[in-house]
> 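A single structure is presented below for examination.
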Amino acid sequence: MLNNKVISIVGAGISGLSCALKLAGSKLSKGYTIRIFENGERTGGRAHSIKMNDFSIDLGAGRFSPALHPNVSKIVSELAEKTEVFPFTKIVCPHPQHAGLKEILAQLKPKIVSSYNESFFQFLCNHLGNEKSHAMINGLGYDSLYLPQISPEIAYDIIEKHPEIQCFSENAGYEWFNLVDGFSALVKSLYERAAVLGVEFYFEHQLVGLQTKSNSTLLEFSGCDQQEIWHNSSYTVLALPPTAMASLNLDFPGSWSDFTYGSIPLFKGFIFFDHPWWQDYNLENKVTIVDNPLRKLYFKSDKYIFFYTDSACADFWYEETKKGEAEYINTVMNLISMALNIPINELPWPVQNKFKYWPSGVEFAIETSPEHPPVLSKNNGTIIATSDAYTPHCGWMEGGIIAGRNAADYILRQLEKSAVAETEIN
């Protein structure tokens, strides 16, 4: 398709949508066609919710805090999305290591400045010993805190920005919300807004290659029936996470960035029952952290139970699902029985379940630094990459919004320079 005034955005997640909306709303992009290409059949990326029993469950992004995520909060308000309190900020059945944990973390926090080249686990071991460090991380419920690429700084960020364990930080009073209709409803509204502004959407377009020219880029896609599709573009935004970038033949991150990137798998399992038996145990709208593969177990009002795991435990559950539904559910129920100290024969059996495994659910720059460029660029700035992984909000919708707007700002600055130069010539 020959059109020299095209801005192509690859990826219809929150970053790609945010980028398109900012570009489409600027006078500087007037005259340009803005296109979004998406590998799958839907918008949203890791924001994915579905309907179960007449209510929505979020298989991906599922909560936000106005204090930590002002951009998400603003968009939710602008779009008049219905919210409800995400209540899981207080832990029931406390883990043995929770006593005094907040004080220990507060005492250690000043020491992370001189420990930037250590993992969080090694940092803890240096100050508390191996046994105590294992117990602390188990009590926090995020197994990613064991990973060698998780620095003390990243670890404190995880602890302070997650509702279940914010009680062990200075953020203990932060409020959290989720969307009644799920985050897919917000994404759908953004998609509709972008379409009204003239943004073109192309689904089932998998990017397989780029060919750079002097003043444009030729994008090669594979369509739904494997046919080759080519699009010419003046500016190209790769709104893709680092793992997706690395899968393309683009020498990423080698020729793009001095930073390196990691990812963490995530798993969410939802279990539905004929009646909310957990209310009999005063567990409604509460969360517990346990020393078994469930890790974080949530009791959602009178609707369902879900558990949320990361790293090795996420991989464990993915392997369990391969054994068949009956064995998977049997494992879940036995571990719930152990976690709550309730005999298995006293628990009703689920009537439905749903789960989602994200092999790279959270992506991040390993070298934590405020100096990470907001976007990465090549070919004199005509090809740029953006991702929540490059922001301080990696793994959150907030980071995706910031990343998309960073990419739009980058292009708009170039368009402004071009307009000034053209005016001067004339």
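Remember, predicted model here, so these are calculated numbers, not experimental data. For the single chain, residues carry numbers from 1 onward in sequence order.
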> Would you confirm whether the ring centroid of W317 sits within less than 6.0 angstrom of the ring centroid of F307?
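Judged by ring-centre distance (under 6.0 Å), F307 and W317 do meet the cut-off.
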> Are the side chains of T236 and I384 in touch, meaning some heavy atoms are under 4.5 Å apart?
no
> Is it true that the side chains of K378 and S255 contain a donor and an acceptor less than 3.5 Å apart?
yes
> Do Q279 and D302 make a side-chain contact, defined as non-hydrogen atoms from C-beta onward lying under 4.5 Å apart?
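Yes, close enough: below the 4.5 Å cut-off.
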> Classify the ring geometry between F203 and Y191 as parallel (under 30°), tilted (30 to 60°) or perpendicular (over 60°).
perpendicular
> Hey, mind stepping through S151 and E118 against side-chain hydrogen bond (donor to acceptor under 3.5 Å, both in side chains) and telling me if it holds?
CA-CA 6 Å; S151 67; E118 294 178 344; over 6 Å; no
> Is the closest side-chain heavy-atom distance between S337 and P343 below 4.5 Å?
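Not touching, per the 4.5 Å side-chain cut-off.
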> Supply the atom-to-atom distance F123 CZ to I150 CD1, rounded to the nearest 0.5 angstrom.
14.5 Å
> Is it true that a side-chain atom of H98 and a backbone atom of G139 form a donor plus acceptor pair closer than 3.5 Å?
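Yes, the answer is positive, given that a donor and an acceptor are paired below the 3.5 Å cut-off.
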> Roughly how far, to the nearest 0.5 Å, is CD of E175 from CD of Q166?
10.0 Å
> Do I112 and Y156 come within less than 4.5 Å of each other through their side chains, counting heavy atoms only?
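Side-chain contact under 4.5 Å: yes.
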> Do F221 and F37 have their ring centres less than 6.0 Å from each other?
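Yes; F37 has its ring centre under 6.0 Å from that of F221.
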> Specify whether H231 and Y202 have parallel, tilted or perpendicular ring planes, treating 30° as the upper limit for parallel and 60° as the lower limit for perpendicular.
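Because their plane-to-plane angle is over 60°, the rings of H231 and Y202 count as perpendicular.
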> Taking S301's backbone N and O only, do any of them form a donor-acceptor pair with N285's side chain (distance below 3.5 Å, no angle check)?
yes
> Under 3.5 Å, is there a donor-acceptor pair between the side chain of S133 and the main chain of C125?
yes
> For the pair D157 (side chain) and E153 (backbone), establish whether a donor and an acceptor sit closer than 3.5 Å, ignoring hydrogens and angles.
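Pair absent, no side-chain N/O of D157 close to backbone of E153.
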> When you measure from the side chain of R295 to the backbone N and O of V290, does any donor-acceptor pair fall under 3.5 Å?
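Pair found, side chain donor or acceptor close to backbone of V290.
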> If we count only N and O atoms by modelled type, under 3.5 Å, do the side chains of E363 and T243 hold a donor and an acceptor together?
yes
> Less than 4.5 Å apart, side chain to side chain, heavy atoms only: is that true for T89 and V287?
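No - every pair of side-chain heavy atoms lies 4.5 Å or more apart.
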> Are Y281 and F299 an aromatic pair, judged by ring center distance below 6.0 Å?
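Ring-ring flag for F299/Y281: false, centres at least 6.0 Å apart.
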> For residues 400-412, dump all side-chain donor-acceptor pairs below 3.5 Å to protein atoms at least two apart in sequence or in another chain.
| residue | atom | partner | partner atom | Å |
| --- | --- | --- | --- | --- |
| R405 | NH1 | N71 | OD1 | 2.9 |
| N406 | ND2 | I402 | O | 3.4 |
| D409 | OD1 | K22 | NZ | 2.7 |
| D409 | OD2 | K22 | NZ | 3.3 |
| Y410 | OH | S377 | OG | 3.3 |

> Should K322 and E327 count as an ion pair when the cut-off is N to O under 4.0 Å?
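No.
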> Yes or no on side chain to side chain contact (heavy atoms under 4.5 Å, CB included) for F355 and T321, after CA distance, side-chain angles and deciding distance?
CA-CA 9 Å; F355 60 83; T321 62; 3.6 Å; yes
> Quick check, are the ring centers of F121 and Y146 under 6.0 angstrom apart?
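For F121 and Y146, the ring centres are under 6.0 Å apart.
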> Please say whether more than 12 non-hydrogen atoms of neighbouring residues, nucleotides or ligands are located less than 6.0 Å from CD in E220.
yes
> Could you list the donor-acceptor pairs under 3.5 angstrom formed between side-chain atoms of residues 48-63 and any protein atom two or more places apart in sequence or on another chain?
| residue | atom | partner | partner atom | Å |
| --- | --- | --- | --- | --- |
| S49 | OG | S184 | N | 3.0 |
| S49 | OG | S184 | OG | 3.0 |
| N53 | ND2 | Q352 | OE1 | 3.2 |
| S56 | OG | D181 | O | 3.3 |
| D58 | OD1 | F183 | N | 2.9 |
| R63 | NH1 | E164 | OE2 | 2.5 |

> Tell me if a side-chain donor or acceptor on K300 pairs with a main-chain N or O of I305 at a distance below 3.5 Å.
no
> Which label fits Y298 and F88: parallel for a plane angle under 30°, tilted from 30 to 60°, or perpendicular past 60°?
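Plane angle over 60°, so perpendicular.
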> Heavy-atom count around K102 NZ within 6.0 Å, excluding the residue itself: above 12?
yes
> In terms of heavy-atom contacts, does CG of N249 have more than 12 from other residues, nucleotides or ligands at under 6.0 Å?
no
> Please lay out, stage by stage, how T217 and N232 fare under the test side chain to side chain contact (heavy atoms under 4.5 Å, CB included).
CA-CA 6 Å; T217 303; N232 200 53; over 6 Å; no
> Without hydrogens or angle criteria, can the side chains of S222 and Q206 be said to hold a donor-acceptor pair below 3.5 Å?
no
> Could you please spell out the steps behind the ring-ring contact (aromatic ring centres under 6.0 Å, His included) verdict for F86 and F177?
CA-CA 4 Å; F86 185 82; F177 298 89; 9.7 Å; no
> Do the ring planes of Y357 and F267 sit parallel (below 30°), tilted (30 to 60°) or perpendicular (above 60°)?
tilted
> Can you list the steps and then say if T83 with V180 is a side chain to side chain contact (heavy atoms under 4.5 Å, CB included)?
CA-CA 5 Å; T83 64; V180 173; 5.8 Å; no
> With heavy-atom distances below 4.5 Å as the criterion, would you say the side chains of I383 and Y235 are in contact?
no
> Can you classify the ring geometry of Y261 versus H372 as parallel (below 30°), tilted (30 to 60°) or perpendicular (above 60°)?
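Correct class here is perpendicular.
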> Specify whether Y142 and Y308 have parallel, tilted or perpendicular ring planes, treating 30° as the upper limit for parallel and 60° as the lower limit for perpendicular.
perpendicular
> May I ask you to test the N126-Q122 pair for a side-chain heavy-atom distance under 4.5 Å?
yes
> For E38 and A12, indicate whether the former's side chain and the latter's backbone hold a donor-acceptor pair under 3.5 Å.
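Present.
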> Look up atom SG in C19 and atom CD1 in I34, then write down how far apart they are to the nearest 0.5 Å.
8.0 Å
> What I'd like to find out is whether the side chain of T309 reaches to under 4.5 Å of the side chain of D143, using heavy atoms alone.
no
> First locate atom SG of C313, then atom CD of E320, and finally report the distance between them rounded to the nearest 0.5 Å.
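CD of E320 is found 11.0 Å from SG of C313.
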> Give a yes or no on whether the backbone of L294 and the side-chain of N292 come within a donor-acceptor separation of less than 3.5 Å.
yes
> For residues Q97 and N138, is any side-chain donor paired with an opposing acceptor at under 3.5 Å?
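No donor-acceptor contact under 3.5 Å links the two side chains.
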> Is any NZ, NE, NH1 or NH2 atom of the basic residue among R46 and D388 found under 4.0 Å from an Asp or Glu carboxylate oxygen of the other?
yes
> Go through the steps for W277 and L347 under the test side chain to side chain contact (heavy atoms under 4.5 Å, CB included), then give the verdict.
CA-CA 8 Å; W277 57 265; L347 293 176; 3.5 Å; yes
> Closer than 3.5 angstrom, by distance alone: can the side chain of S26 be matched with the main-chain N or O of L23 as a donor-acceptor pair?
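The answer is no, because no donor-acceptor pair under 3.5 Å joins these two groups.
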> Between N171 (side chain only) and E160 (backbone N and O only), is there a donor and an acceptor less than 3.5 Å apart?
yes
> Would you please classify the geometry between the W396 ring and the H162 ring as parallel, tilted or perpendicular, with 30° and 60° separating the classes?
tilted
> To the closest 0.5 Å, what do you measure between CG (D291) and CG (L335)?
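D291 atom CG to L335 atom CG measures 12.0 Å (nearest 0.5 Å).
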> Counting only heavy atoms not in K188, do more than 12 fall under 6.0 Å of its NZ?
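Not buried by this count: 12 neighbours or fewer within 6.0 Å.
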> Check the side chains of S18 and S15 for a donor-acceptor pair under 3.5 angstrom, ignoring hydrogens and angles.
no
> CD1/I229 to NE2/H205 distance, rounded to the nearest 0.5 angstrom?
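Between I229 CD1 and H205 NE2, I get 3.5 Å after rounding to 0.5 Å.
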> Determine the minimum heavy-atom distance between Y328 and G269, stating which atoms define it.
OH-CA, 3.9 Å
